> 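Here it is: the structure, laid out below.
As the structure is a computational prediction, the values presented were derived from the model and not from experiment. We name chains A, B, ... by the order of the sequence lines, and we start the count at 1 in each one.
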Amino acid sequence: MSWKRTHHCSELTLENTGEEVVLNGWVATRRDLGGVIFIDLRDRYGITQIVFYETDDKLHEKAEELRTEYVIGIKGVVEERGEENINPELTTGGVEIRVTDLEIYSKAETTPFEIKDGIKTSEELRLKHRYLDLRRPEIQDNLILRSDFYQSTRSFFYDNDFLEIETPVLMKSTPEGARDYLVPSRVNPGRFFALPQSPQTYKQLLMVSGFDRYFQIVKCFRDEDLRADRQPEFTQIDVEMSFVDEEDVMETTEGLMKKIMSDTVEEEIETSFERMTYDQAIKTYGTDKPDTRFGLEFADFSDLVANSEFKIFSNTVDKGGAVLGITVPDQGDMGRGAIDRLTERVQQETGAAGLIYIKLNEDDGVKCSVGKFLKDDTVEAMVERAEADMGDLVLILAGPSTEVYSQMGQLRIMMGKEHNLINEDAYNFLWVTDFPLVEYSKEDHRYHALHHPFTAPKPEDLDKLDEDPEEVRSRAYDLVLNGYEIGGGSIRIHNRELQTRMFELLGIDEDEAQKRFGFLLDAFKYGAPPHGGIALGVDRIIMILTGGTSLRDVIAFPKNQKAQSLMDNSPDFVDEDQLDDLHIELKKYAKEAAQE
RNA sequence: GGUCCGGUAGUUCAGCUGGUUAGAACGCCUGCCUGUCACGCAGGAGGUCGCGAGUUCGAAUCUCGUCCGGAUCGCCA
């Protein structure tokens with residue numbers, strides 16, 4: 001039996017002085033001074049110092065047994081600490097509990113790592129003993145914020161007439177897009193369910209059913225390789241609305257984010273968010289998810305150097321490529337060695353062929369690394385366009401358009417981080433709009449939907465759908481926060497004919513379309529409202545709000561880079577019987593692995 | 001699947017031009033200590049140097065292979 005606690009560990013203050021209390025918790029630290037033993041008692045709310053005195057000899061003797069991470073209950077009296085003994089670090093720092101009775105609920109072995117913030121232990125060890133890692137206050141705080149986030153989200157949607165409707169976790173596999181996680185069907189030999197990459201088709205069907213405004217906090221699954229900001233199972237806020245256009249969805253999303261920011265991190269943010277077209281984003285930041293917390297926007301020198309004698313520049317422009325520059329402030333005095341190292345790094349990390357620069361400093365004036373091939377007034381014009389001042393450094397890359405923008409984008413981020421140009425306290429929300437509807441895949445020799453096959457094209461671009469599909473813009477929008485894509489959505493196609501045309505464009509013929517998405521096309525026959533929506537990445541947003549850089553710190557039980565759970569060792573091999581039930585036979589190499 | 005980085009005490013790391021008994025800090029254990037809160041002091045235990053092979057008189061150190069972890073590219077509509 002455990003004693004019922006009267007308070008938690010961050011509750012007691014001077015106002016409670018003299019009260020008899022019961023506390024439960026874990027021993028965080030023990031400071032045994034001989035005649036007196038101090039214990040920091042920890043629970044998820046905080047820490048309270050409890051004290052054992054030698055004069056209570058039996059109790060003191062028992063207290064000497066206490067070790068880190070023992071789980072205990074104590075009865076005691078709240079006492080005021082002396083002036084010089086107050087600990088300003090703790091909310092309970094003005095008091096301590098003079099223990100009158102002690103119960104040890106559970107002893108603990110020495111933990112593989114210390115239960116405290118800021119540990120340097122490998123992620124492997126932390127994941128293996130995740131239940132211990134989750135005791136650490138900084139991880140607990142992340143999950144507490146996550147809980148607030150859910151609360152805030154539900155309250156926002158409830159207040160705005162949205163319905164929370166669950167969609168199936170076992171659904172039809174749609175090979176379009178990411179790889180599906182498959183679940184075999186015992187009752188239907190040879191058939192498989194897929195876990196949803198997103199409830200996309202279901203939420204559209206809910207619109208057809210007339211549910212008008214839907215949201216769901218939902219797990220999604222993608223069987224692709226992992227990154228620090230990518231887990232195989234992740235959580236989305238999935239939203240769909242009928243009789244709306246882009247503006248309505250964006251406005252709703254902004255309202256949601258405003259409330260979440262206020263409820264979780266107490267930031268009162270401004271709406272409406274900044275907007276930028278896809279084209280603009282690529283041309284000024286080299287990415288469709290620009291981090292606008294710092295400048296370093298691209299300057300395009302292509303026209304200035306098109307006819308220059310420097311062949312790398314003129315040839316690049318001839319072939320339709322671009323010559324781009326960014327101005328790094330106050331780095332005009334960068335030495336030769338540093339620039340060489342930077343060049344090598346840029347080549348290695350971005351794949352750029354080389355790095356050209358213009359240095360502006362008091363000693364050398366304006367100095368371009370390829371100055372002898374360029375006219376002075378060309379360099380001057382470049383400096384002017386780059387808006388570079390004395391003391392600045394202009395970094396230049398040249399190459400095919402398909403590569404140079406993204407390379408420059410990477411270089412921009414590299415410089416932003418290296419020279420501390422990023423305002424870490426800022427939350428920069430940004431809408432990116434006017435995405436291309438499709439892009440051509442050289443690998444598959446066909447067009448791929450940039451967003452998904454249900455995204456509506458812009459009406460004014462419809463006439464280009466057949467002869468110039470890559471020029472067609474879509475009614476899609478992405479929400480970007482501090483350089484992370486935190487959400488994306490679109491106005492959908494609600495017309496059967498247009499949807500069929502779209503499938504055709506993507507190389508999915510009528511039969512195939514009917515087989516894969518027939519249910520959706522059929523639904524559209526019976527009166528589909530215009531509709532659109534968005535999906536927001538919960539894990540990523542929380543990662544940003546908690547100031548982290550890894551999704552693993554905001555998910556209670558995450559997977560490692562190989563999509564395994566190190567704690568419970570999943571995925572794992574299963575019995576032959578189980579496979580038999582599922583009508584599955586392993587390939588030879590898989591069987592061998594299973595037998596090891 | 002490719003590239004890069006790492007694997008030495010419970011933890012973080014040092015040792016790596018090959019050479020006596022593999023070190024430090026934190027943690028852990030024991031003792032002392034009545035005002036600590038990173039308690040202090042004294043002492044102590046703790047190692048398959050990821051694994052396998054090779055080179056060598058001799059390998060933590062060099063070579064190859066392999067396993068494990070991470071970052072990144074491909075991939076992620």
Side-chain angles (χ1 to χ4, degrees), chain A residues 28-42 47-56 60 64 67-69 79 81-90 92-93 96 98 108-129 132 174-180 197-198 200-201 220-232 234 345 348-351 406-407 410 435-439 441 443-444 446-455 474 476 485 488 490 502-503 506 508 535 537 549-550 552 560-564 566 596:
Chain A
T29 53
R30 166 180 79 111
R31 291 179 293 278
D32 183 352
L33 274 63
V36 57
I37 299 172
F38 296 101
I39 300 281
D40 283 347
L41 193 66
R42 186 195 71 234
I47 281 179
T48 299
Q49 174 166 283
I50 63 175
V51 202
F52 298 87
Y53 294 94
E54 198 170 37
T55 42
D56 308 323
H60 184 266
E64 279 183 327
R67 292 293 180 271
T68 312
E69 299 310 311
E79 291 188 344
R81 295 202 202 182
E83 187 83 32
E84 64 284 358
N85 290 326
I86 289 170
N87 184 347
E89 304 278 308
L90 300 177
T92 59
E96 61 193 12
R98 185 189 188 105
E109 288 182 17
T110 305
T111 51
F113 49 85
E114 292 179 69
I115 309 301
K116 62 178 188 187
D117 287 349
I119 55 169
K120 283 188 183 167
T121 310
S122 73
E123 204 148 45
E124 186 183 0
L125 199 68
R126 288 173 47 203
L127 289 179
K128 191 166 179 182
H129 304 276
L132 296 179
T174 51
E176 195 78 9
R179 214 172 279 123
D180 280 329
Q197 295 173 31
S198 83
Q200 183 62 37
T201 47
C220 301
F221 307 84
R222 290 178 192 177
D223 189 4
E224 296 293 347
D225 283 1
L226 282 66
R227 291 287 186 281
D229 66 347
R230 239 157 59 191
Q231 281 274 310
F234 56 98
R345 201 174 141 205
Q348 212 163 47
E349 291 183 26
T350 74
S406 104
Q407 289 165 349
Q410 290 173 57
F435 281 81
L437 185 66
V438 295
E439 64 182 346
S441 161
E443 211 175 294
D444 298 350
R446 65 179 187 91
Y447 293 104
H448 278 276
L450 209 72
H451 207 68
H452 57 55
F454 315 109
T455 298
S474 71
E485 183 200 325
S490 63
M502 187 67 196
F503 284 141
L506 298 173
I508 304 170
T549 53
S550 173
R552 292 166 201 158
N560 73 356
Q561 200 169 48
K562 276 198 175 160
Q564 299 163 329
L566 294 174
E596 269 173 24

> Look through every strand shown and name the nucleotide pairing with B:A9 as Watson-Crick or G-U wobble, where both distances are under 3.5 Å.
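Paired with B:A9, as far as the under-3.5 Å criterion goes, is no nucleotide at all.
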> In this structure, how many angstroms lie between the C1' atom of B:G10 and the CD atom of A:Glu69, rounded?
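Rounding to the nearest Å, CD of A:Glu69 and C1' of B:G10 are 14 Å apart.
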> Does a nitrogen or oxygen in the side chain of A:Lys120 sit under 4.0 Å from OP1 or OP2 of B:C13?
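For B:C13, neither OP1 nor OP2 has a side-chain N or O of A:Lys120 closer than 4.0 Å.
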> Does any part of the side chain of A:Pro112, heavy atoms only, come nearer than 4.5 Å to the side chain of A:Leu132, both counted from C-beta?
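Yes - at least one pair of side-chain heavy atoms lies under 4.5 Å apart.
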> Taking a pair as Watson-Crick or G-U wobble with both distances under 3.5 Å, which nucleotide is matched to B:U30?
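Base partner found: B:A42.
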> Please write out each protein N/O paired with an N/O of nucleotides 7-9 of chain B under 3.5 Å, distance rounded to 0.1 Å.
none

> B:A53 and B:A14: how far apart are their P atoms, nearest whole angstrom?
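That atom pair is separated by 27 Å.
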> Between protein and nucleic acid, restricted to nucleotides 2-5 of chain B and to nitrogen or oxygen atoms under 3.5 Å apart, what atom pairs and distances do you find?
none

> To check you understand the geometry: which heavy-atom pair defines the closest contact between A:Leu506 and A:Tyr447, and what is its length?
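Taking every non-hydrogen atom into account, CD2-O, 3.5 Å.
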> Under a plain distance cut-off of 3.5 Å, with no hydrogens placed, do A:Glu124 and A:Asn560 share a side-chain donor-acceptor pair?
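Checked: A:Asn560/A:Glu124 side chains show no N/O donor-acceptor pair below 3.5 Å.
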> Just so I know, are the side chains of A:Glu123 and A:Ser550 near enough to count as touching, which here means a heavy-atom distance under 4.5 Å?
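In contact.
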> Which whole-number value in Å describes the distance from A:Glu109 CD to B:G10 C1'?
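After rounding, the reported distance stands at 11 Å.
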> Rounded to the nearest angstrom, tell me the gap between atom CD in A:Glu64 and atom P in B:C29.
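For the pair A:Glu64 CD and B:C29 P, the rounded distance is 13 Å.
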> Nearest whole Å is fine: how far is B:G10 C1' from A:Ile119 CD1?
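My rounded result for the distance is 13 Å.
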> Classify A:Phe38 by what it touches in the nucleic acid, base, sugar-phosphate, or nothing, heavy-atom distance under 4.0 Å.
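Base contact.
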> Can a side chain N or O of A:Asn85 be found less than 4.0 Å away from OP1 or OP2 on B:G35?
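Answer no for this pair, as no side-chain N or O of A:Asn85 is under 4.0 Å from OP1 or OP2.
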> When rounded to the nearest Å, what value does the distance between P atoms of B:G58 and B:U21 take?
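Result for the P pair: 16 Å, nearest Å.
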> Does a side-chain N or O from A:Arg31 land closer than 4.0 Å to OP1 or OP2 of B:C33, or not?
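So the side-chain polar atoms of A:Arg31 never come under 4.0 Å of the phosphate oxygens OP1 or OP2 of B:C33.
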> Shortest non-hydrogen contact from A:Pro453 to A:Ala449?
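Where A:Pro453 meets A:Ala449 most closely, the heavy atoms are N-CB, 3.8 Å.
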> If we take the C1' atom in both B:G74 and B:C13, what is their distance in whole Å?
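Looking at atom C1' only, B:G74 and B:C13 are 34 Å apart.
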> Once you apply a heavy-atom cut-off of 4.0 Å, does A:Glu114 come out as touching a base, just sugar-phosphate, or nothing?
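Sugar-phosphate, backbone atoms only, no base.
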> Picking from B:C28, B:C68, B:U34, which would you name as closest to the side chain of A:Val36?
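Per side-chain heavy atoms of A:Val36, the pick is B:U34.
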> Could you tell me how far B:U56 sits from B:G15 if I compare only their P atoms? Round to whole Å.
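Their P atoms lie roughly 28 Å apart.
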> Starting at NE2 of A:His60 and ending at P of B:U34, how long is that distance when rounded to a whole Å?
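Rounded to whole Å, this separation is 9 Å.
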> What distance, rounded to whole Å, do you find between the two P atoms, one in B:C4 and one in B:G19?
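Their P atoms lie roughly 28 Å apart.
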> Do you know which two heavy atoms are closest between A:His448 and A:Ser441, and how far apart they sit?
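Shortest heavy-atom separation between A:His448 and A:Ser441 comes out as CD2-CB, 3.0 Å.
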> Quick one: A:Arg30 CZ to B:C29 C1', roughly how many Å, whole number?
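Result: 10 Å.
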> Remember a base hit wins even if backbone is also touched, and classify A:Leu125 as base, sugar-phosphate or nothing at under 4.0 Å, heavy atoms.
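Answer is sugar-phosphate: A:Leu125 comes under 4.0 Å of backbone atoms only.
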> Just by distance, no angles: are the side chains of A:Gln49 and A:Arg31 close enough, under 3.5 Å, to form a donor-acceptor pair?
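Checked: A:Gln49/A:Arg31 side chains pair up, N/O donor to acceptor below 3.5 Å.
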> Using a cut-off of 4.0 Å on non-hydrogen atoms, how would the nucleic acid contact of A:Arg126 be classed: base, sugar-phosphate, or nothing?
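It contacts nothing in the nucleic acid.
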> In Å and rounded to the nearest 0.5 Å, what is the CG to CZ distance from A:Leu33 to A:Phe52?
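Nearest 0.5 Å value for the CG-CZ distance: 14.0 Å.
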> For A:Asp32 and for A:Glu124, locate the closest nucleotide of RNA chain B by heavy-atom distance; then report the residue assigned to the nucleotide nearer the 5' terminus.
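Closest to the 5' end, via its nearest nucleotide, is A:Asp32.
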> How would you label the contact of A:Gln561 with the nucleic acid (heavy atoms, under 4.0 Å): base, sugar-phosphate, or nothing?
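Base, at least one base heavy atom under 4.0 Å.
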> Mind calculating the distance between CD1 (A:Ile115) and P (B:A38) to the nearest angstrom?
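For the pair A:Ile115 CD1 and B:A38 P, the rounded distance is 18 Å.
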> Name the closest nucleotide to the A:Tyr53 side chain, picking from B:A71, B:G27, B:G35.
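Looking only at heavy atoms from C-beta outward on A:Tyr53, the closest nucleotide is B:G35.
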> When we call it a touch if two heavy atoms are under 4.0 Å apart, what does A:Thr174 touch: a base, just sugar-phosphate, or nothing?
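No contact at all - A:Thr174 keeps every heavy atom at 4.0 Å or more from the nucleic acid.
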> Rounded to whole angstrom, note down the C1' distance from B:G52 over to B:A59.
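Their C1' atoms lie roughly 14 Å apart.
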> Report yes if the side chains of A:His129 and A:Phe113 come closer than 4.5 Å at any heavy-atom pair, otherwise no.
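They are in contact (side-chain heavy atoms under 4.5 Å apart), so the answer is yes.
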> Side-chain contact test, heavy atoms from C-beta onward, threshold under 4.5 Å: evaluate it for A:Met502 versus A:Val438 and give yes or no.
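A side-chain contact exists here, since the closest heavy-atom pair is under 4.5 Å.
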> Check whether any side-chain N or O of A:Gln564 sits under 4.0 Å from OP1 or OP2 of B:G69, and answer yes or no.
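For A:Gln564, the contact criterion (side-chain N or O under 4.0 Å from OP1 or OP2 of B:G69) is met.
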> Within this structure, what is the CD-to-P distance between A:Glu54 and B:U36, rounded to whole angstrom?
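That distance rounds to 17 Å.
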> Look at the aromatic rings of A:His451 and A:Phe435 and report parallel, tilted or perpendicular, splitting at 30° and 60°.
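A:His451 and A:Phe435: tilted rings.
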> Could you please name the partner base of B:G65, counting Watson-Crick and G-U wobble pairs only when both distances are under 3.5 Å?
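Matched B:G65 with B:C51 under the 3.5 Å cut-off.
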> If the C1' atom of B:C5 is compared with that of B:G54, how far apart are they to the nearest Å?
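It comes out at 25 Å once rounded to the nearest Å.
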> I'd like a list of close polar pairs between nucleotides 75-77 of chain B and the protein, N/O only, cut-off under 3.5 Å.
unit_1, atom_1, unit_2, atom_2, d
B:C75, O2', A:Glu224, OE1, 2.4
B:C75, O2', A:Glu224, OE2, 3.4
B:C75, O2, A:Arg230, NH2, 3.1
B:C75, N3, A:Arg230, NH1, 3.4
B:C75, N3, A:Arg230, NH2, 2.8
B:C75, N4, A:Arg230, NH1, 3.4
B:C76, O2, A:Arg230, NE, 3.2
B:C76, O2, A:Arg230, NH1, 2.7
B:C76, N3, A:Arg230, NH1, 3.0
B:A77, OP2, A:Arg222, NH1, 3.1
B:A77, O3', A:Ala449, O, 2.3
B:A77, O2', A:Ala449, O, 2.6
B:A77, O2', A:Leu450, O, 2.7
B:A77, O2', A:His451, N, 3.1
B:A77, O2', A:His451, O, 2.2
B:A77, N9, A:His451, O, 3.1
B:A77, N3, A:His451, O, 3.4

> Are any of the side-chain heavy atoms of A:Arg179 and A:Arg222 separated by less than 4.5 Å?
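They are not in side-chain contact.
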> With a 4.0 Å cut-off on heavy atoms, is A:Asp223 in touch with a base, just the backbone sugar-phosphate, or nothing at all?
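Counting heavy atoms under 4.0 Å across all strands, no contact is made by A:Asp223.
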> Of all the heavy-atom pairs spanning A:Ile119 and A:Glu114, show the shortest one and how long it is.
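The pair with the smallest heavy-atom distance is CG2-O, 3.6 Å.
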> Any side-chain heavy-atom pair from A:Arg126 and A:Arg552 closer than 4.5 angstrom?
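No - every pair of side-chain heavy atoms lies 4.5 Å or more apart.
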> Under 4.0 Å between a side-chain N or O of A:Lys116 and OP1 or OP2 of B:C26?
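Answer is no, no contact under 4.0 Å.
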> Does B:G35 have OP1 or OP2 sitting under 4.0 Å from an N or O in the side chain of A:Arg98?
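Checking A:Arg98 against B:G35: no side-chain N or O falls below 4.0 Å of OP1 or OP2.
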> Expressed as a whole number of Å, how far does the P atom of B:G18 sit from that of B:C57?
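Going atom to atom, P in each nucleotide, I get 15 Å.
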> Within the 4.0 Å heavy-atom criterion, would you say A:Glu96 contacts the bases, only the backbone, or no part of the nucleic acid?
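Base, at least one base atom sits under 4.0 Å.
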> Report the base-pairing partner of B:C4 (Watson-Crick or G-U wobble, both distances below 3.5 angstrom), or none.
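WC or wobble partner is B:G70.
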> Can you name the closest pair of heavy atoms from A:Gly34 and A:Glu54 and give their distance?
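So the minimum-distance heavy-atom pair works out to O-OE2, 4.5 Å.
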